[in-house]
Amino acid sequence: MKPINCRDLSAKEIVDYIIELNPDFRDVKNRKRVYVGVTGNIEERLRRHNAGVVLFRGQTASQAVAAAVEAEARRRGFYIGKVDHGGNGTNSYSIYVYAYLREWY
């Protein structure tokens with residue numbers, strides 16, 4: 001699956017799109033079932049995460065937008081990993097956002 005072109009979307013619009021993928025995600029308590037992350041290589045990252053059902057792959061305009069998506073996703077109840085800050089450490093190549101169903105939560 002190729003990443004969706006999200007280069008013209010804001011972080012909020014991208015997270016709204018992820019929520020609209022499944023009516024269950026309108027309920028905040030169900031969002032913890034979804035991992036949202038940022039990377040420079042989606043396929044490699046999903047393999048490393050051993051991700052099962054991939055819900056979303058998108059390309060943002062920049063690393064700043066991708067990091068803002070991760071922070072917005074966390075603020076809105078999605079799981080982004082065990083971190084105390086807004087993201088898991090991105091670099092200038094981290095322009096892709098992905099979301100998948102977690103098998104455990």
Side-chain angles (χ1 to χ4, degrees):
M1 171 193 316
K2 285 184 75 172
I4 296 169
N5 180 352
C6 298
R7 288 177 278 201
D8 294 331
L9 300 179
S10 69
K12 180 186 178 310
E13 290 170 322
I14 294 169
V15 175
D16 286 344
Y17 183 84
I18 294 169
I19 290 169
E20 292 303 315
L21 290 173
N22 186 320
D24 288 345
F25 302 155
R26 292 183 188 137
D27 186 339
V28 174
K29 69 182 176 201
N30 292 326
R31 295 179 192 167
K32 67 183 176 185
R33 297 175 41 218
V34 179
Y35 185 100
V36 175
V38 174
T39 187
N41 183 329
I42 293 176
E43 296 310 317
E44 173 63 17
R45 181 65 73 183
L46 291 173
R47 185 188 64 72
R48 288 181 58 202
H49 276 290
N50 205 22
V53 178
V54 179
L55 304 169
F56 175 79
R57 299 169 198 213
Q59 181 179 358
T60 67
S62 67
Q63 181 274 333
V65 174
V69 169
E70 192 173 58
E72 177 73 7
R74 180 177 192 214
R75 188 183 71 73
R76 292 175 64 184
F78 290 96
Y79 183 74
I80 67 163
K82 295 179 181 180
V83 294
D84 292 329
H85 53 83
N88 283 326
T90 62
N91 60 43
S92 61
Y93 301 107
S94 300
I95 61 169
Y96 298 101
V97 176
Y98 59 93
Y100 66 87
L101 281 177
R102 295 174 32 189
E103 293 185 20
W104 49 268
Y105 55 94

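In this chain, residues are counted from 1 in sequence order.
- Rounding to the nearest 0.5 angstrom, the gap separating the CG atom in D16 from the CG atom in L21 is 11.0 Å.
- In this structure, I80 CD1 and R74 CZ are separated by 5.0 Å, a value rounded to the nearest 0.5 Å.
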Next item on the list: Could you please spell out the steps behind the side chain to side chain contact (heavy atoms under 4.5 Å, CB included) verdict for I18 and F78?
Entry: CA-CA 10 Å; I18 294 169; F78 290 96; 4.0 Å; yes
Show every donor-acceptor pair shorter than 3.5 Å between a side-chain atom in residues 48-55 and any protein atom, with sequence neighbours excluded, or say none if there are none.
{"residue": "H49", "atom": "ND1", "partner": "Y100", "partner atom": "OH", "Å": "3.2"}
{"residue": "H49", "atom": "NE2", "partner": "Y98", "partner atom": "OH", "Å": "3.0"}

Check: Going through the checks in order, is the side chain to side chain contact (heavy atoms under 4.5 Å, CB included) test met by V28 and R76?
Finding: CA-CA 7 Å; V28 174; R76 292 175 64 184; over 6 Å; no
Checklist line | I14 and F56: CA distance, side-chain angles, deciding distance, side chain to side chain contact (heavy atoms under 4.5 Å, CB included) verdict | finding: CA-CA 10 Å; I14 294 169; F56 175 79; 4.0 Å; yes
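- Contact detail for S94 and A66: the closest heavy-atom pair is O-CB, 3.3 Å.
- Note: T60 OG1 to I4 CD1 = 13.0 Å, rounded to the nearest 0.5 Å.
- With hydrogens and angles disregarded, a donor-acceptor distance shorter than 3.5 Å links the side chain of R31 to the backbone of F25.
- With values rounded to the nearest 0.5 angstrom, D24 atom CG is found 6.0 Å from R33 atom CZ.
- Counting only distance, with no hydrogens or angles, the side chain of T39 and the backbone of I42 share no donor-acceptor pair below 3.5 Å.
- Atoms NZ and CZ, from K12 and R75 in turn, are 8.5 Å apart once rounded to the nearest 0.5 Å.
- Taken to the nearest 0.5 Å, the CD atom of E20 stands 12.5 Å off from the CD atom of E13.
- In D8, the CG atom is not crowded: 12 or fewer heavy atoms of neighbouring residues, nucleotides or ligands sit closer than 6.0 Å.
- The shortest non-hydrogen separation linking C6 to G58 is SG-CA, 4.2 Å.
- No donor-acceptor distance shorter than 3.5 angstrom exists from the side chain of R7 to the backbone of Q59, with no hydrogens or angles considered.
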